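If you scroll down you'll find the structure; I have some questions about it.
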Amino acid sequence: MRTRFFRAAMAAIPFIFAEAAAAQPGFDAIERADLPACAEGGAWVRDAAVFTYFKDGYYDLDKRFRAFSGTAGSRISAAAATADNEARAESFAFLHSQVAGLIPRLGRLLPRVERPLDLASMAEQLRKGEIRNPRGDHHTEYLRVAFAREMLNAPASVAKNPGSSLAGFLDSLAVVENQLLALKNGGDEDAEALRRNLQGLSANYRDGFRPIAKHVIFASYANSLQGRLAFGVKEICDAQAMCANADADENLCGEGGDEGEKVGGGAHD
Amino acid sequence: MTEKDQTDDNAYTPLEYLAVLPIDFSMNPPEDVNVESVCIALSVHPDVFVRRNAILGFGHLARVTRKLDEALVKPIIEAALHDKEPSVRGNADAAMDDIEHFLGWKFKRAQLPDMPPAPRYIRTETAYRVYVVMDEESNILVERHDLPGVIAPSDKFAPDPRGLSYGYEWRLPGFSLMRPLSKKAATLEALWKERRRKVWINESNEFDESAIAQSLTLKGAPDHAFRDWLEIKCRAYLCDRDENVWSPEKGIAQRWLTAEEFMEGFPVGAHDRYVLALFRNFMTGR
């Protein structure tokens, strides 16, 4: 059943998404749209602007990643060689801001990723091949959960083990970010180890993350990207609707609820 | 000040101060105090916290001064390994590690008795909310009474109003859930709930767990007594440092610590360290 709110939101979609298509890249239009994620079974996902959003998101990340990885090696060498502590810290601060800036851009493609701390948890989900359902209300999280699950399903011709490849990229990104943060703050990280980790990060991007993301966004298989994501969002919404039922199967839906899991000294009354 | 003054346990000596004393002295031994004697005197104190810190003080002294009277101290630590309180036994074991490492002594390392089983039911007396507030670079917000120039440990700091840590220890933002929330506590609770509607919901912002712990301190908390069981409902909130989501009260100093500083470099309350350990476990072990 459509609510008055939803009718207003749906009526605004063509205008909002037209703006998104015109602006290059125009992430705000989709990110700031006030859309109930599951309204009409997630029909809004079929809009072509969703494809534009992921395409632009990918190129934005790719461009910045290459800008970072292409120059970071020489910058690290130069910074490590300088005797001026302030200049060295400044160089590492610049590199750190570059790599930290990649994380929210990666978060356009993966759910719940905005900060360095978020990387380990997402890597674990990718490694296990289990992207958790949306935890918040925002429609973009639904999109990203569906997109991340599409990436896990990339064929063997693209990646033998997509989950491990994607997780490896996130792990190496977290390591490099952490090392640069330490160096920026005057820590005694080994610049040579950082250079090696940087090479690993570039390889994990080139051979792992990049081909998988490109395949999901650009390869024409099964359906358009929006069509596949719309199916994924509908699956999430259907599962949520089923689990909202009081008689929901706990095995399928978990315990749910907003309360924290009890840890520590055992049961209490 | 005489040695007797230092160790005189009478009605005017707060137990909390006595518990801090051996740690305070052994980590920064004053020139005019025989710290070894202080620790020896307090190592048989009837209070478990005083006793266990006195035993731990020997380990600190070994590290800091590289000098202890083996004939006097060794039997005390070996006896503490059989203390009826598990925490004293644990500290004796830790002190032995330090002394073996720094002084090369050899102890009779008896097998530690098993820890008592966890109780099946625990009645908690009160509940606190504790927030791990983190900035853009994962630094952690902590606060304590503002006393420039006073070096911790010291009993000059005002007590933790949550009663979860010693006054001199840095602590996480937190408040009692048994009393009406202050304006800033209500604001932080509202911000945390609102995070679900943000575009950039974080994996790390999902941390929302509950720990059961025993009160360690005597002062500061109106809602619980020494050694009561407490529920610590802990959450993480990621913010930009400029957002100032938990502004300091008058007379309170705040700092942003790295995780390493929080766990090792700075004096931080044991319960607060436990909360960060839970957070790390949550982030890496799920």
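Computed from a prediction, not measured in an experiment: that's the story for all the values here. Residue numbers begin at 1 in each chain, while the letters A, B, ... track the order of the sequences.
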Test item: B:Val199 and A:Arg108 side chains (from C-beta on) under 4.5 Å apart, heavy atoms: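 With C-beta onward as the side chain, the pair stays apart.
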More than 12 heavy atoms of other groups within 6.0 Å of A:Arg32 CZ: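 Check fails, neighbour count at 12 or below.
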A:Asp118 side-chain N/O to B:Asn202 backbone N/O, donor-acceptor pair under 3.5 Å: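 The answer is no, because no donor-acceptor pair under 3.5 Å joins these two groups.
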Check: A:Arg115 side chain, B:Cys239 main-chain N or O, donor-acceptor pair, under 3.5 Å: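 Confirmed, A:Arg115 side chain pairs with B:Cys239 backbone.
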Between A:Pro104, A:Ala120, A:Pro116, the one whose heavy-atom pairs under 4.5 Å with chain B are most numerous: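 The answer is A:Pro104.
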Stepwise side chain to side chain contact (heavy atoms under 4.5 Å, CB included) check, A:His96 with B:Glu137: CA-CA 10 Å; A:His96 180 260; B:Glu137 294 181 355; 4.0 Å; yes
Nearest-0.5 Å distance, CE of residue B:Met283 to CE of residue A:Met122: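 So the CE of B:Met283 and the CE of A:Met122 are separated by 9.5 Å.
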Portion of A:Glu141 that has a non-hydrogen atom of chain B nearer than 4.5 angstrom: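 Contact with chain B is through the side chain of A:Glu141 alone.
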ring-ring contact (aromatic ring centres under 6.0 Å, His included) partners for A:Phe92, two or more places apart: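 Result, ring-ring contact (aromatic ring centres under 6.0 Å, His included) vs A:Phe92: none returned.
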Side chain, backbone, both or neither of B:Asn139 within contact of chain A (heavy atoms, under 4.5 Å):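 B:Asn139 has no heavy atom closer than 4.5 Å to chain A.
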Among the listed options A:Asn185, A:Leu181, A:Leu117, A:Thr140, the residue most often paired with chain B at heavy-atom distances under 4.5 Å: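 Highest number of pairs under 4.5 Å: A:Leu117.
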B:Trp200 and A:His138: CA distance, side-chain angles, deciding distance, side chain to side chain contact (heavy atoms under 4.5 Å, CB included) verdict: CA-CA 9 Å; B:Trp200 299 111; A:His138 206 275; over 6 Å; no
Under-4.0 Å salt bridge between A:Arg132 and B:Glu206: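 Answer for the salt bridge query: yes.
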NZ/NE/NH1/NH2 to OD/OE distance under 4.0 Å, A:Asp137 and B:Lys193: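 B:Lys193 and A:Asp137: not salt-bridged.
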Any donor-acceptor N/O pair, A:Arg135 side chain to B:Arg196 backbone, under 3.5 Å: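 Looks like no, no N/O pair under 3.5 Å.
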A:Glu114/B:Glu136 under side chain to side chain contact (heavy atoms under 4.5 Å, CB included): CA gap, chis, key distance, verdict: CA-CA 10 Å; A:Glu114 191 208 8; B:Glu136 304 89 325; over 6 Å; no
